[in-house]
Every structure is written in structure tokens, then in C-alpha cells.
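These notes concern the structure reproduced below.
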Amino acid sequence: MHVLASITEALDQHPGHLPFAIEARRDTIVLTYATGQGATFLREPIDGVVLSYHHMKSPGFGISTKGIGDGVKLNYCIAGRLEVSMADGRTLFMSPGDLSVETSTAWKFSFPCGFYEGIELFLHRSSLDSPPPFFEECGIDLKRLVSRLGNDRMRNWTRTADERTARLFTELLPKAGDCEQARLRLTCALLLLALADFGVPCRESDSAIFSKRQVSIAKQAESLLTDDLSRRRSIADVAAQLGVKPTTLKEYFKGVYGKCISDYLLDARMSRADEMLREQDMPVADVARSLGYSHVGKFCEAFKRRFGATPLKYRQQSRNPSCGPLD
């Protein structure tokens, strides 16, 4: 646990308030978050290689990884959504099933869904400078393998994990058993080999990493489209207002929010409809108009597809659960 010990020592000396409490439990370091709920569990199955299991409910927190996370970080998103602001001014986004390779220092971690579950395999710089004997015994040239995961053109990237890689990441989740340490060590090696088979994406546009300007355009578009849901604005009009092509706006928006614009707006309208029907006495027709539906019938159809009941039945059930099932 020499790297875990050094990370813990660096965190203890970290300037500013840490967003978590640190606790040592046998071979595991536990970070318990103050903002929201949840924790991160860190283990070191191989010298210089740290496994982290993230399971939290939080909007996010700020902390610089400079001097703490120096090395190569391999992340896999199981649930929720992750937004990482990096020191180079760009932002990385991950949705369930995505993996990332990162070498840049990060300074802020956000969870747009309010929760996040994921796995991280961290190769500390010490393991890259002097590869652990375990890898040599497995016939793995760690330096050469890692060189295939990043280059000067693309040191940070994301992509959707293939079935094999996703399975290996999830195999790193902790399990009970006498052979746990051996299982984790072997799975780490297999995962690195699988990732090296694919290497770096062919184009930077294939990766969900965006500049400050690109993120700003996506977030401005989100505000323009959702500030008044009764108004249906075309993507072409919003794109023109922001000075980009519609296809460019769609690319930025999906990268930042993890959904295409139409799906995002439908979710926003249905979420607002849910809230209005449960908390207000506004007629259904007025609810429909306030959400941009010119025909109440289309609103009712969309609502029933989402919630399994007509708006009136849903309102009745939410206020009087004893009246029976929604359908």
C-alpha cells in the first residue's frame, strides 16, 4: 500500500478543505463525502496500481489532483453521469457504459444526475517509472502498453466501452473470497491488455472532451431551450443565435448532456408535468399549453407513455394512493 499511503499523506497536507473524511480500514482507504452521501473505496492490488470504487449521491465537489493523481487514470462509468473539469481548460463527460483515459490534472468533479457510480484503475507515476515485477512476470511491457493508451495528439479521451472491456471493469468490483487479491491482480492485467488492443481513438471528435467554448455553447443552448418550456424553439434558430451550425450544436449538446436535444427536452417537459400535476390544480389543458403542447391530446399521449397513466389519473393517484393502481 505504498502508493495509497503516499496519497493519504498528500491528502492530509492538501491546502483547503477536503470534501471527504479519510479512514483506513485494513487494506482499504475510505473517503466519505461531506457533500451528499456515498464514499470512494481505494485498494492497491498491485504496487503502484490503485483501484477506486465510487458510489455517491452528490452534485459534485472541487479538489485539485495535482501531486495526488499523477499518472494514468482509467475510468468506467456504471451509473449516473460524470463531468470532470481539467487543468488544460477542457471538460470530460462520461455516461453509463463509457470509459476514459486521463493524464491531465483535474480540479472539479460534477455529477449532473446527482449521483455517480464508477470504477477507476489508477497507474501511479511510480508504477510507470519502475513497473511492478508482477507485470513482467505476466509478460507485460507496462511502459509500451501504456504508450498505446495516449500520445501527444490525444492524452485524454473517452469512448463507449466494448462488451469485453465493460465486463473486465465490472469484474474489478469487490467480491468476498480467499482468492480476491489474485483475482483483482489478474483482472487488472487483462483489462490493460484489452484497452491496449483498441488504443487511442482515431479522431478527437470521437471523444466526449470539450473546450470551454464548446461547453459554454451547449449550456447556453440548454438555457435558451428550457427557460420557457411553453415556447418551442427550433434547433436552427438557437444554433444561429449562438453562431454555430445546427449539426455542431447537436454534437456539443449531446456530448455535454448525454442526450440528444429532443430527448432532453421531452424529459424536461415530463419532469415539469409530473411536478405540476402533483402540486398544482391547474387544468390539464393549461398544463399542456405551459409545456409547449398546442394539442392537449398529444400531451396526454406523451405523458401516458412516460408514466403509464393519463394526467388526470396520475394526479388522482398521487394525491390519494388508496384509489388504486395507475392503470
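Keep in mind the model is a prediction, meaning the values are calculated, not measured.
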Qualifying salt bridge (charged side-chain N to carboxylate O under 4.0 Å, His left out) pairs, either residue in [range], two or more places apart:
range: residues 273-292; value: Arg272-Glu275, Asp274-Arg278, Asp281-Arg319, Asp286-Arg289
range: residues 76-87; value: Glu83-Lys219
range: residues 164-174; value: Arg164-Asp197, Glu171-Lys175, Glu171-Arg183

Under the side-chain contact (heavy atoms from CB on, under 4.5 Å) rule, what do Thr170 and Tyr76 come out as? Steps first, then yes or no, please.
CA-CA 9 Å; Thr170 55; Tyr76 178 71; 4.1 Å; yes
Backbone of [Y] reached by a side-chain donor or acceptor of [X] within 3.5 Å:
X: Ser318; Y: Arg315; value: yes
X: Arg148; Y: Ala196; value: yes
X: Thr158; Y: Leu99; value: no

Let me see the working for Gln37 and Met56 under side-chain contact (heavy atoms from CB on, under 4.5 Å), right down to the final yes or no.
CA-CA 6 Å; Gln37 306 171 23; Met56 62 192 72; over 6 Å; no
Does one side chain, of [X] or [Y], offer a donor that lies under 3.5 Å from an acceptor on the other?
X: Gln220; Y: Ser216; answer: yes
X: Asp129; Y: Ser126; answer: no
X: Glu102; Y: Ser104; answer: no
X: Arg90; Y: Gln214; answer: no

Donor-acceptor contacts, no H, no angles, side chain residues 109-123, under 3.5 Å, sequence neighbours left out:
none

Can you confirm whether [X] sits close enough to [Y] that some side-chain heavy atom of one is under 4.5 Å from a side-chain heavy atom of the other?
X: Val284; Y: Phe299; answer: yes
X: Leu74; Y: Leu192; answer: yes
X: Glu44; Y: Leu51; answer: no
X: Leu128; Y: Lys143; answer: no
X: Ser100; Y: Leu92; answer: yes
X: Ile63; Y: Pro19; answer: yes
X: Arg233; Y: Leu224; answer: yes
X: Glu301; Y: Arg306; answer: no

Work out which heavy atom in [X] is nearest to a heavy atom in [Y]; give both atom names and the distance.
X: Leu291; Y: Met276; result: CD2-SD, 4.4 Å
X: Gly258; Y: Ser95; result: CA-OG, 4.0 Å
X: Val215; Y: Phe210; result: CG2-CB, 3.8 Å
X: Pro96; Y: Ala79; result: CG-CA, 4.0 Å
X: Asp70; Y: Thr65; result: OD1-O, 4.2 Å
X: Ala87; Y: Trp107; result: N-CD1, 4.0 Å

For Glu136, is the CD atom crowded, meaning more than 12 foreign heavy atoms sit under 6.0 Å from it?
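Atom CD in Glu136 is not crowded, with 12 or fewer foreign heavy atoms closer than 6.0 Å.
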Linking I/L/V/M/F/W/Y whenever their side-chain heavy atoms sit closer than 4.5 Å, directly or via other members, would [X] and [Y] fall into one cluster?
X: Ile46; Y: Leu173; result: yes
X: Tyr293; Y: Ile261; result: no
X: Val287; Y: Leu266; result: yes
X: Leu31; Y: Leu4; result: yes
X: Leu225; Y: Val256; result: yes

Would you sort out whether Tyr257 and Tyr264 count as a ring pair (Phe, Tyr, Trp, His ring centres under 6.0 Å), showing the intermediate values?
CA-CA 8 Å; Tyr257 290 98; Tyr264 186 91; 5.1 Å; yes
Quick one: salt bridge (Lys or Arg N to Asp or Glu O under 4.0 Å) partners of Lys259, sequence neighbours excluded?
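Salt bridge (Lys or Arg N to Asp or Glu O under 4.0 Å) list for Lys259, sorted by chain: Asp267.
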By salt bridge (Lys or Arg N to Asp or Glu O under 4.0 Å), which residues pair with Arg269, not counting sequence neighbours?
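Listed in chain order: nothing, the list is empty.
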With rounding to the nearest 0.5 Å, note down the distance linking [atom1] in [X] to [atom2] in [Y].
X: Leu193; Y: Cys188; atom1: CG; atom2: SG; value: 11.5 Å
X: Asn75; Y: Ser52; atom1: CG; atom2: OG; value: 8.5 Å
X: Ile78; Y: Met94; atom1: CD1; atom2: CE; value: 10.0 Å
X: Leu229; Y: Met270; atom1: CG; atom2: CE; value: 10.0 Å
X: Leu184; Y: Arg43; atom1: CG; atom2: CZ; value: 5.5 Å
X: His124; Y: Asp47; atom1: NE2; atom2: CG; value: 12.0 Å

Would Leu142 and Phe135 count as a side-chain contact (heavy atoms from CB on, under 4.5 Å) if you check the C-alpha gap in whole Å, the side-chain angles of each, and the deciding distance to 0.1 Å?
CA-CA 7 Å; Leu142 188 62; Phe135 290 109; 3.9 Å; yes
Qualifying residue for side chain to side chain contact (heavy atoms under 4.5 Å, CB included) with Leu195, from Thr165, Asp162, Leu168:
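Filter result, single survivor: Thr165.
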Close aromatic pair by centroid cut-off 6.0 Å: Phe307 and Tyr314
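Between Phe307 and Tyr314, the centre distance is under 6.0 Å.
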Checking side-chain contact (heavy atoms from CB on, under 4.5 Å) for the pair Val84/Lys108: CA distance, chi angles, key distance, verdict?
CA-CA 6 Å; Val84 181; Lys108 184 179 180 182; over 6 Å; no
